[in-house]
Amino acid sequence: MIRWLSVFLGFQLILITSYLFAMYITFTASSDVFFGINLIQVLSAVGMTGLLVSPLFFPGILHGLPRVPDDI
């Protein structure tokens, strides 16, 4: 669970920083600059793909985690 949360938050961080950087460049320069930033679009695509695929590598997230502790 901790590994999945760290992967999830890592991909979220990639998405947030790429979008914030794209908005910063768009508002400080002209609005045509946003369409020319290919690296930010690639980082966003990698982050979104990672968010979609990450539950497949951690099946405990998809099937649900047990609520009863193992001690009982």
Side-chain angles (χ1 to χ4, degrees):
M1 180 78 170
I2 299 296
R3 288 189 332 173
W4 180 79
L5 282 174
S6 60
V7 168
F8 181 74
L9 290 175
F11 284 125
Q12 285 286 336
L13 182 67
I14 290 172
L15 282 173
I16 289 170
T17 54
S18 64
Y19 282 122
L20 285 176
F21 187 65
M23 284 195 290
Y24 175 75
I25 288 177
T26 301
F27 287 119
T28 57
S30 67
S31 62
D32 296 335
V33 175
F34 181 71
F35 297 112
I37 305 172
N38 291 329
L39 179 63
I40 292 177
Q41 292 175 351
V42 168
L43 284 176
S44 296
V46 166
M48 189 61 72
T49 304
L51 285 175
L52 292 173
V53 175
S54 67
L56 298 175
F57 293 113
F58 301 98
I61 300 298
L62 288 176
H63 299 296
L65 297 173
R67 294 181 181 217
V68 179
D70 292 331
D71 296 338
I72 297 176

Original post:
Can you find a pair of side-chain heavy atoms, one from Val7 and one from Phe11, that are under 4.5 Å apart?
Top reply: yes

Original post:
CG/Leu9 to CD1/Ile14 distance, rounded to the nearest 0.5 angstrom?
Top reply: 11.5 Å

Original post:
Sub-3.5 Å donor-acceptor pair from the side chain of Ser6 to the main-chain atoms of Arg3, do we have one?
Top reply: yes

Original post:
Mind checking what makes side-chain contact (heavy atoms from CB on, under 4.5 Å) contact with Leu13, not counting sequence neighbours?
Top reply: Thr17

Subject >> side-chain contact (heavy atoms from CB on, under 4.5 Å) partners of Phe8, counting only residues at least two apart >> reply: Trp4, Gln12, Leu51

